[in-house]
Amino acid sequence: RLRKWQERIRTKDAGERNLQFALSEIDRMASALGVPRSVREVASVIYRQALSEDLIRGRSIEGVATSCLYAGCRQEGIPRSLEEVTEVSRVGKKEIGRTYRYIAKELSLEMKPADPKEYVPRFCSDLEVSEEVKMKAIEIIDESAEQGLLSGKSPTGFAAAAIYAASLLCNEKKTQKEVAEVAQVTEVTIRNRYQEQIEAMGLN
Amino acid sequence: MTDPKDTINIENVVASTGIGQELDLQSVAMDLEGADYDPEQFPGLVYRTQNPKSAALIFRSGKIVCTGAKSTDDVHESLRIVFDKLRELQIQVNEDPEIVVQNIVTSADLGRNLNLNAIAIGLGLENIEYEPEQFPGLVYRLDEPEVVALLFGSGKLVITGGKKPEDAEHAVDKIVSRLEDLGLLE
DNA sequence: AGTTTACTTTCCAAAGC
DNA sequence: GCTTTAAAAAGTAAACT
């Protein structure tokens, strides 16, 4: 009897240590990404839900923690791309993406895809462009999305191309390389999205 | 005008069968020309047929998986070739082993562009998976027929998981009528 | 700036780790 | 869960020209 009791305490302690570790990892990654406390709280709530629904069995704590943070950022309307969360995580992009999709499905998070516009403020401030460029980029995103160009495209690449185009239109040119770096996409992607968007705006 | 059903094309058929005899894959690998066998990596021996093109995975148990065929007829033709090759190696092969189609992959075209964001909301976020950052296709699971459809912005589709060619036709019909009901086609 | 190749997703069977 | 096989869709990345 005593053995069973000790075992229960052991597993309970282990479980709490794991939860502590997960929450501290969420905190560490959130700080590294520079997201507000509200995001950490949302991510922690999602993690606890995943824990109570027993979704962590067979998965790494780090992977689940990272996925919850990724989901939390999106729910709060200040998304970080998978590329960005992978940079501050100890697990790979593929595992984070898979774990995120699994958690989102099981917890019925019903997440809408990230809106490219949500990336504009941060990317623009990283690039140190004016408010005018920011507004123009949003205008380009709205117009080209309305014309159906967004389907299937990555939100970061779409936002990056719009910012690049806006910087040209506002005579505050940023190079494709500069925009590609802050958005974590390649110059080829910016060129491809840029061509379509310019055409959609009737600016070619 | 064109019925999307008429654009359906079978891209891949996966089927399983068995010769009813255990095999020594090591010796089959020696005698069968073009056979790839690396038991450390995978327990099956890979044998490719040219006409029709397919890849057969042959196992120690005598069970065989055939992939890559473009029709169910091609599956039978490919496996007939595999059976004959094994017989040439003095291996007993049942008269005509049962061949079971396990999966059919199909492509189709709705003929118009799709707004995947609107479709995701229209079909219900709980029923679909759409993560454009990870993959450009929207994943839609149907209950009847039990298949999975990938919808793309171009209006092209991939339907997989079906066991008979009609599954893809029924799936396309359902998808078209659902999108029409939602006013997301045309 | 644009090309090629490779990888992402979905499905399924097989045997074994 | 993974390993291997095949195939399509379209986007993106890495490596080149």
Side-chain angles (χ1 to χ4, degrees), chain A residues 57-60 81-83 93-95 97-98 101-102 150-158 160 176 180 183-196, chain B residues 8-18 22-23 25 36-49 52-70 74-75 78 99-110 113-114 116 128-142 146-163 167-168:
Chain A
R57 210 174 274 177
R59 257 159 279 268
S60 74
S81 66
L82 266 187
E83 206 68 48
K93 184 176 167 179
K94 196 170 164 180
E95 187 189 332
R98 272 200 195 154
R101 293 197 308 263
Y102 175 71
L150 183 54
S151 283
K153 268 80 164 205
S154 132
T156 44
F158 207 80
Q176 292 179 359
Q184 295 273 257
V185 297
T186 63
E187 294 166 71
V188 176
T189 294
I190 291 184
R191 286 196 283 274
N192 290 335
R193 294 308 129 248
Y194 166 78
Q195 289 296 349
E196 299 173 348
Chain B
I8 293 177
N9 191 29
I10 294 177
E11 305 288 354
N12 183 24
V13 178
V14 179
S16 59
T17 187
E22 292 240 338
L23 291 168
L25 293 184
D36 287 345
Y37 181 48
D38 183 358
E40 304 283 282
Q41 195 171 87
F42 188 70
L45 178 155
V46 182
Y47 180 71
R48 287 158 223 275
T49 62
K53 200 175 127 189
S54 77
L57 305 178
I58 305 172
F59 298 88
R60 193 202 75 263
S61 63
K63 292 189 175 177
I64 300 174
V65 170
C66 178
T67 68
K70 293 287 184 191
D74 281 358
V75 167
S78 290
I99 294 172
V100 180
V101 173
Q102 304 286 358
N103 182 31
I104 296 180
V105 182
T106 300
S107 64
D109 190 353
L110 296 182
N113 292 337
L114 302 175
L116 299 183
I128 62 94
E129 189 176 301
Y130 176 45
E131 291 291 333
E133 190 186 335
Q134 300 181 56
F135 186 69
L138 182 154
V139 183
Y140 185 39
R141 285 160 208 281
L142 304 245
E146 199 172 316
V147 299
V148 173
L150 305 179
L151 318 200
F152 296 87
S154 63
K156 300 264 184 64
L157 315 177
V158 169
I159 290 163
T160 185
K163 301 220 183 280
D167 289 342

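We name chains A, B, ... by the order of the sequence lines, and we start the count at 1 in each one.
- For B/P43, the side-chain atoms get nearest to C/dG16 when compared with the rest of C/dA1, C/dG16, C/dA13.
- Within 4.0 Å (heavy atoms only), A/V185 reaches sugar-phosphate atoms of the nucleic acid but no base atom.
- The nucleotide whose nearest atom lies closest to any side-chain atom of B/T67 is, among D/dT5, C/dC12, D/dT4, D/dT5.
- Here C/dT8 presents its C1' atom at 12 Å from CG of B/L150, a figure rounded to the nearest Å.
- Each of D/dA13, C/dC11, C/dT8 was ranked by its minimum atom distance to the side chain of B/V105; first place goes to C/dC11.
- Using P as the reference atom, C/dC12 and D/dA10 are 23 Å apart when rounded to the nearest Å.
- Across all strands shown, C/dC17 pairs with D/dG1; the Watson-Crick or G-U wobble distances both stay below 3.5 Å.
- Residue-to-nucleotide proximity on DNA chain C shows that, of A/V188 and B/G44, the 5′-proximal contact is made by A/V188.
- For B/K156, taking side-chain heavy atoms from C-beta onward, the closest of the listed nucleotides D/dA10, C/dG2, D/dG11 is D/dA10.
- A/R193 and A/E196 are joined by a salt bridge, as a carboxylate oxygen and a charged side-chain nitrogen come within less than 4.0 angstrom of each other.
- DNA chain C is contacted by both B/L57 and A/K94; A/K94 maps to the nucleotide lying nearer its 5′ end (nearest heavy atom per residue).
- A salt bridge is absent between B/E131 and A/R101; no separation between the charged side-chain nitrogens and carboxylate oxygens falls under 4.0 Å.
- As a whole-Å value, the separation of B/N113 CG from D/dG11 P is 10 Å.
- Comparing C/dT9, D/dT4, C/dA13 by their closest approach to the side chain of B/S16 singles out C/dA13.
- Of the nucleotides present, D/dA8 is the one that pairs with C/dT10 by Watson-Crick or G-U wobble criteria, both distances under 3.5 Å.
- B/T49 and B/S54 form a side-chain donor-acceptor contact under 3.5 Å, judged by distance and modelled atom types alone.
- For the pair B/Y37/B/Y47, no side-chain contact is recorded, criterion being any heavy-atom separation below 4.5 Å from C-beta on.
- Among the heavy atoms of the strands, none lies under 4.0 Å from A/E83.
- Nucleotides D/dA9 and C/dG2 place their C1' atoms 23 Å apart, quoted to the nearest Å.
- Looking at heavy atoms from C-beta onward, B/I128 lies out of side-chain contact with B/V139 at the 4.5 angstrom threshold.
- Among the heavy atoms of the strands lying under 4.0 Å from A/Q184 are primed sugar atoms or P, OP1, OP2 only; no base atom is included.
- Residue B/S54 is classed as having no contact, given no heavy-atom separation below 4.0 Å to the nucleic acid.
- Atom CD of B/E129 and atom P of C/dT9 are 10 Å apart (whole Å).
- Between the CZ atom of B/F59 and the C1' atom of C/dA14 there is a distance of 3 Å, given to the nearest Å.
- Which of D/dA6, C/dC12, D/dA13 sits closest to the side chain of B/Q102 comes down to C/dC12.
- With B/L157 as the fixed residue, the side chain to side chain contact (heavy atoms under 4.5 Å, CB included) test singles out one of B/L150, B/L110, B/I8, B/T106: B/L110.
- Among the nucleotides D/dT4, C/dT10, D/dA10, the one closest to the side chain of B/F42 is D/dT4.
- Candidate nucleotides C/dT9, D/dA7, C/dG2 were compared by shortest atom distance to the side chain of B/K53, and D/dA7 ranks first.
- The separation of D/dA7 from C/dT3, taken at their P atoms, amounts to 25 Å, rounded to a whole angstrom.
- Rounded to an integer number of Å, the gap from B/Y37 OH to D/dT3 C1' is 14 Å.
- Among D/dT12, C/dA13, C/dT10, the nucleotide with an atom closest to any side-chain atom of B/V14 is C/dA13.
- Distance from the side chain of B/V158 is smallest to D/dA9 among D/dA13, D/dA9, D/dA6.
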